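Encoded as structure tokens, the structure appears first; notes follow it.
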Amino acid sequence: MNKITAIKGIKDILPADAPVWHKVETVARDIFERFGFREIRVPIMEKTVLFQRSIGETTDIVEKEMYTFRDRDDELLTLRPEATASIIRAYIEHNMAAADSIVKLFTFGPMFRRERPQKGRFRQFHQIDVELFGDETPAADAEVIFMLIHFFETLGLNQLSLEINSLGCKACRPQFSKAVVDFLKGSESSLCPDCQRRIHTNPLRVFDCKVEDCASVIMDAPLITEYLCTDCDTHFASVKSLLADLKMSFTVNPKMVRGLDYYTKTAFEVKTGSLGAQNSLAGGGRYDGLVSFLGGPQVPGIGFGIGMERLIACLPADPAGKFSTDIFVAALGAPAQKIGFRLTNELRRAGISAAMDYSDKSLKSQMKRADRQNSSYTLIIGEREIEENRAELRDMNTKQQQSLPLEDICPALVKIIKKR
RNA sequence: GUGGGUGUAGCUCAAUUGGUCAGAGUGCCGGGUUGUGGCCCCGGAGGUUGAGGGUUCAAGCCCCUUCACUCACCCCA
């Protein structure tokens, strides 16, 4: 029979890796709550229309990457490819705007995109997602970006680059877009086939093409910064100055265009040099029209997503998280096994991490297991001990042993172990 | 969806131009120590060399097909 494996691009997080994940989540929770954000848990499935409307019908995500299926009542459902849409849906559905004009939320969890996997890219991947509703000031942009960088630094990540840009709004972006199309049409023949296609589908994408000819063509193209309306322009200037006030180093990348349709004004991305081709650790931006577009009130929003797998891949290895046990109970013979079984579980109930081998192997083999589990103590109960109503407690580091009476041994052990 | 690379023991990898090549290290189990871990020594289990077909006297090695993994493109976290 063929062995059943995990689905392509979908990975197990094994016990050896789980502590890092746990740490990242704990640090995120700590920091985000300090900035006034509160955790929300949203479902990993939504009605397909939610993503179609929010992300954009013509984006790659919606066109070819979503895991969509028909429910038994014929409704189309989708495994979420990103978290923002769900959070906005929840924000609207629970009328959060009415309770407070400013709402700050974060969430963790798996996202699903059916792409070809490669280094730093998976079909199920995890994001930390942050959203801030109801604050249109540039200070909100700067705060969110500052928090993101602070989070990375707390985890020990440096050598990151922060890039920002402004994508304009629905007043000025269409004009810019048209200017780019007009410009590109002039030199259409020298563009790569992909970019020739992009002129019609998503012209701004030509800006991140890596083909040399395209790059040299686009070098002289008009830049969004030249087309920003006064509102967007002053907003962007203000964001930059606030970031400078916070001593943040960043570069303005006027060629950065983010993949999701809904972004307006500020867009940002954090990159690392140590990750191969998929070097984007986090990305986000402002989406001032999206909440109302999805049927909610006219409320601005800004947020970002962090790729957890990519983040963890960059993290310095942490050797600290070794699994250990307080005490290993080594029992020899049936009567000792019986006593040991009861004692082991009593110890656990008393808050001690205890382990035992139930198969009555040789003492040597039980000691080996105790060693492998990094147990601080081993309690030896053999036939001799039972006869004399006692047990031998061995300190695994000092090799010192002491004899303890079997009667009331549990509280005695708890006392010794807790004192350590 | 397109292209490149790689598939040998649980893990990391060896195996001359195709010719006893199915191995090592590590891990696991056991023994050396009739009841005491780590170090050392000895032994054992574990592989239809991803799968299927072909060429050949002979294939882990060459050819074809297929699957898986991986990297890159597209795109994104």
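Since we're looking at a predicted model, the values are computed, not measured. Numbered from 1 within each chain, the chains take letters A, B, ... in sequence-line order.
Counting any heavy atom pair closer than 4.0 Å across all strands shown, A:L311 reaches no nucleic acid atom. Across all strands, A:E383 comes closer than 4.0 Å to base atoms (heavy-atom distances). Residue contacts for A:Q401: at a heavy-atom cut-off of 4.0 Å it reaches a base atom on one of the strands shown. Contact annotation for A:F304: no contact, since no heavy-atom pair falls under 4.0 Å across all strands. Among the atoms of the strands shown, none is found under 4.0 Å from any heavy atom of A:Q124. No contact: A:A370 has no heavy atom under 4.0 Å from any strand. A:K399 comes within 4.0 angstrom of a nucleotide base, judged by non-hydrogen atoms across all strands.
For the residue pair A:T78 and A:T48, a side-chain donor N or O sits within less than 3.5 Å of a side-chain acceptor on the partner. Under 3.5 Å, the side chains of A:S353 and A:D326 contain a donor-acceptor pair of N or O atoms.
With B:C69, B:C75, B:G1 as the candidates, the nucleotide lying closest to the side chain of A:R116 is B:G1. Minimum atom distance to the side chain of A:Q127 is reached by B:A77, of the listed B:U70, B:A72, B:A77. The listed nucleotides are B:U36, B:C75, B:G37; the one nearest the side chain of A:M396 is B:G37. The side chain of A:E385 lies closest to B:G35 when the candidates are B:A77, B:G35, B:C69.
In this entry the distance linking CD of A:E163 with P of B:A77 reads 14 Å, nearest Å. Here B:U36 presents its P atom at 10 Å from CZ of A:R394, a figure rounded to the nearest Å. Atom C1' of nucleotide B:C75 and atom CZ of A:F125 are separated by 11 Å, given to the nearest angstrom. When the P atom of B:U70 is taken as reference, atom NZ of A:K8 falls 8 Å away, rounded to whole Å. Distance, A:R123 CZ to B:A77 P: 18 Å, rounded to whole Å. Atom CZ in A:F328 sits about 13 Å away from atom C1' in B:U36, given to the nearest Å. Nucleotide B:U70 holds its P atom 13 Å from the CD atom of A:E309, rounded to whole Å. As rounded to whole Å, 6 Å separates atom P of B:U36 from atom CG of A:L363.
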Would you tabulate the nitrogen or oxygen pairs shorter than 3.5 Å linking the protein to nucleotides 41-44 of chain B?
none

When you compare the protein's N or O atoms with those of nucleotides 26-32 of chain B, which come within less than 3.5 Å of each other, and at what distance?
| unit_1 | atom_1 | unit_2 | atom_2 | d |
| --- | --- | --- | --- | --- |
| B:C28 | OP1 | A:R372 | NE | 3.1 |
| B:C29 | OP1 | A:R372 | NH2 | 3.3 |
| B:C29 | OP2 | A:R372 | NH2 | 3.1 |
| B:G32 | N7 | A:K364 | NZ | 3.2 |
| B:G32 | O6 | A:K364 | NZ | 3.4 |

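Rounded to whole Å, the C1' atom of B:G31 lies 16 Å from the corresponding atom of B:U36. Distance noted for atom P between B:C63 and B:U2: 23 Å (whole Å). Comparing the same atom, P, in B:C42 and in B:G27 gives a spacing of 15 Å after rounding to whole Å. Nucleotides B:G7 and B:U26, compared at atom P, are 24 Å apart to the nearest Å. Remark: the separation of the C1' atoms in B:G30 and B:A22 is 25 Å, to the nearest Å. Separating the C1' atom of B:U12 from that of B:G54 is a span of 33 Å, rounded to the nearest Å. Spacing between B:A24 and B:G47 at atom C1', rounded to whole Å, works out to 14 Å. Only the P atoms considered, B:G50 is 13 Å distant from B:G10, to the nearest whole Å.
We find that A:D182 and A:K178 are joined by a salt bridge, their nearest charged nitrogen and carboxylate oxygen being less than 4.0 Å apart.
A:Y227 and A:F176 have tilted rings, their planes meeting at an angle from 30° to 60° on a 0 to 90° scale. Note on ring orientation: taking the six-membered ring where Trp is involved, the planes of A:F341 and A:Y358 are perpendicular (angle over 60°, cut-offs 30° and 60°). Ring geometry, A:W21 versus A:H126: the interplanar angle exceeds 60°, so the pair is classed perpendicular (tilted spans 30 to 60°). Taking the six-membered ring where the residue is Trp, A:F108 and A:F106 present tilted rings, their angle falling between 30° and 60°.
Residues A:R114 and A:G307 each lie close to RNA chain B; by heavy-atom proximity, the contact nearer the 5' end of the strand is made by A:R114. Map A:K119 and A:G382 each onto its nearest nucleotide of RNA chain B; the residue landing nearer the 5' end is A:G382.
Taking both residues in full, the closest heavy atoms of A:V103 and A:M96 are given as CG2-O, 3.8 Å, listed atom of the first, atom of the second, then distance. Across all non-hydrogen atoms, the minimal contact from A:R41 to A:T107 is CA-OG1, 4.0 Å.
Put simply, the side chain of A:I61 does not reach to within 4.5 Å of the side chain of A:E82, judged on heavy atoms. A:F37 is listed as a side-chain neighbour of A:L132, based on a closest heavy-atom distance under 4.5 Å. Inter-residue side-chain proximity for A:P81 and A:E115 is flagged as unmet; no heavy-atom pair is nearer than 4.5 Å.
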(message) If you apply the rule side-chain hydrogen bond (donor to acceptor under 3.5 Å, both in side chains), what do you find for A:R390 with A:S403, and how did you get there?
(response) CA-CA 6 Å; A:R390 62 182 179 86; A:S403 213; 3.2 Å; yes
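At B:A72, one or more side-chain N or O atoms of A:Q118 fall inside 4.0 Å of OP1 or OP2 (strictly under the cut-off).
Residue side chain A:Q366 does not reach the base of B:U36 through any donor-acceptor N/O pair under 3.5 Å, judged by distance alone.
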(message) Please convert RNA chain B into dot-bracket. A pair counts if it is Watson-Crick or G-U wobble with both distances under 3.5 Å; crossing pairs go in [ ] and bases paired with another strand get |.
(response) (((((((..((((.....[...)))).(((((.......))))).....(((((..]....))))))))))))....
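A ring-centre distance under 6.0 Å is not found for A:Y287 and A:F293.
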